Each structure stands twice: as structure tokens, then as C-alpha cells.
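One structure is given here, and the rest of the page talks about it.
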Amino acid sequence: MRILTLAAVIALAAPGTAGTVATPKSQATGVRDVTTWYFYKVRWGHQDEFLDLFQRNHYPVLKARMQGGGYSAIRTYVPRYHGDGRADWTFAVELVAREGAAGVPTEEEIIKKLYPDQAKFRKEEARRFEILDAHWDMPLNPLDFETRTPAGRQ
């Protein structure tokens with residue numbers, strides 16, 4: 001199976017606190033990094049088609065937003081093994097958005113610039129979502145156990 005990027009494990013342990021959300025250093029400048037994982041469950045037999053459509057139509061938009069300062073990181077994942085753990089996703093994207101960054105072009109602006117044949121683009125994007133069984137987004141809050149005081153302790 002062809003993949004965009006192969007990663008062994010999505011790192012689930014991020015620095016932060018259970019009761020207090022850690023403030024990224026960039027927040028002092030009014031820009032805040034926000035990590036979101038986007039999960040896709042592709043219908044059986046359509047993984048390669050989905051990856052082709054994602055790579056052709058959506059990945060260039062994400063890369064353009066990163067070059068414009070809207071994202072500080074883009075990572076893509078597939079499970080290492082078929083049926084690894086819960087089989088509720090077959091492709092994941094981790095985006096680290098730079099909220100508050102000035103002058104970042106919108107997705108719509110980028111799409112108009114990158115894809116002059118808008119009818120073809122819309123048709124292929126519709127197909128990309130047509131072959132999904134599920135899609136969900138998971139914004140994350142960092143937890144820092146180094147500065148967190150356990151409940152009940154002083």
C-alpha cells in the first residue's frame with residue numbers, strides 16, 4: 001500500500017497538565033499553536049484511491065498554508081499493521097495550527113490559486129469523502145505532569 005508518510009506510533013503523551021493547560025511559547029507573540037488530529041476511516045478496498053486524492057488535492061493546500069505561516073507542522077500516519085489496535089481509523093493527519101498568525105491565506109484562496117479547474121477539484125474532493133466510512137477531528141490540549149499537583153496533595 002502506498003502511503004504519504006509511515007509512522008510507527010502517534011505520540012499520545014504530550015507535555016501539559018491535567019488541570020492546567022500549558023501555554024506555548026508562541027502565545028507571548030499572540031500566536032498560539034493548536035494541535036489537532038484528523039482521523040479518517042476509508043472504506044475497504046479504497047485506501048489507495050483515498051491517498052491519491054488526498055495527496056493530489058488536499059495535501060498541497062495544507063502545504064501552502066504551512067508555507068504561508070498557518071501551520072508549523074503537518075504529519076500523516078497510517079497504522080503499522082492491518083487491524084492494529086482499534087480498527088476505527090485507516091489514515092490520520094496531525095496539524096499544528098498557528099492560530100493568530102497574520103497574513104495567512106485562507107483555504108479558499110489557496111484552492112482557487114492551485115486548482116484552476118474548480119469543477120474537477122470539487123468532484124475529486126466529493127469522491128474523497130464519498131469513499132469514507134467515517135471522519136472526525138480531535139483538537140488536543142497539552143498536559144504537563146511536571147508542573148501539575150496531583151489532586152488531594154499540597
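Computed from a predicted structure; not experimentally measured.
Residues Leu62 and Ile74 come closest through the heavy atom pair O-CD1, 3.3 Å. In terms of heavy-atom proximity, Gly68 sits nearest to Pro105 at CA-CD, 4.3 Å. Heavy atoms only, all atoms of each residue included: Gly69 and Ala101 are closest at O-CB, 3.6 Å.
When the salt bridge (charged side-chain N to carboxylate O under 4.0 Å, His left out) test is applied to Glu109, no partner is found at least two apart in sequence or on another chain. For Val96, the side-chain contact (heavy atoms from CB on, under 4.5 Å) criterion is met by Asp33, Thr35, Ser72, Ala73, Arg75, not counting sequence neighbours. Every residue two or more places apart in sequence or in another chain was checked for a side chain to side chain donor-acceptor pair (under 3.5 Å) with Glu107, and none qualifies. Qualifying side-chain contact (heavy atoms from CB on, under 4.5 Å) partners for Glu49, counting only residues two or more places apart in sequence or in other chains: His46, Leu53, Arg127, Ile131. Checked against side-chain contact (heavy atoms from CB on, under 4.5 Å), Lys120 has the following partners two or more places apart in sequence or in another chain: Asp117, Glu124. Considering only residues two or more places apart in sequence or on other chains, Glu125 meets the side chain to side chain donor-acceptor pair (under 3.5 Å) condition with Arg128. For the ring-ring contact (aromatic ring centres under 6.0 Å, His included) test, residues two or more places apart in sequence or in another chain that qualify with Phe121 are Tyr115. Asp137 pairs by the side chain to side chain donor-acceptor pair (under 3.5 Å) definition with His135, not counting sequence neighbours. Listed by chain and number, the residues in a side chain to side chain donor-acceptor pair (under 3.5 Å) with Arg122 amount to none (sequence neighbours excluded).
For the atom pair CD of Gln55 and OG1 of Thr76, the computed distance is 9.0 Å after rounding to the nearest 0.5 Å. Note that the CE atom of Met138 and the OH atom of Tyr38 stand 12.0 Å from one another [nearest 0.5 Å].
Here the side chains of Trp89 and Trp136 are in contact, with some heavy-atom distance below 4.5 Å. Under the 4.5 Å side-chain criterion, counting only non-hydrogen atoms from C-beta, Phe39 is not in contact with Asp88.
Judged by distance alone, the side chain of Thr90 and the main-chain N or O of Val42 form a donor-acceptor pair under 3.5 Å. Side chain of Glu99 to backbone of Gly70: no donor-acceptor contact under 3.5 angstrom is found.
With ring centers used as reference points, Phe91 lies 6.0 Å or more from Tyr77.
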Exercise. Where do Ile111 and Gln118 land on the side-chain contact (heavy atoms from CB on, under 4.5 Å) test, with the steps shown first?
Worked result: CA-CA 8 Å; Ile111 290 167; Gln118 289 291 296; 3.7 Å; yes

Problem set entry | Trp37/Leu140 under side-chain contact (heavy atoms from CB on, under 4.5 Å): CA gap, chis, key distance, verdict | CA-CA 8 Å; Trp37 290 339; Leu140 303 173; 3.5 Å; yes

Exercise. For Met66 and Leu95, what are the C-alpha separation, side-chain angles and deciding distance, and is it a side-chain contact (heavy atoms from CB on, under 4.5 Å)?
Worked result: CA-CA 10 Å; Met66 188 164 97; Leu95 294 177; over 6 Å; no

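Cluster membership check: Val93 shares its hydrophobic cluster with Phe50, using side-chain heavy-atom separations under 4.5 Å among Ile, Leu, Val, Met, Phe, Trp and Tyr. In this structure, Leu132 is a member of the same hydrophobic cluster as Phe54, with clusters built from ILVMFWY side-chain heavy atoms closer than 4.5 Å.
Using cut-offs of 30° and 60° for the angle between ring planes, the Tyr40 and Phe129 rings count as tilted.
For residues 60-70, no residue pair satisfies the side-chain hydrogen bond (donor to acceptor under 3.5 Å, both in side chains) rule, not counting sequence neighbours.
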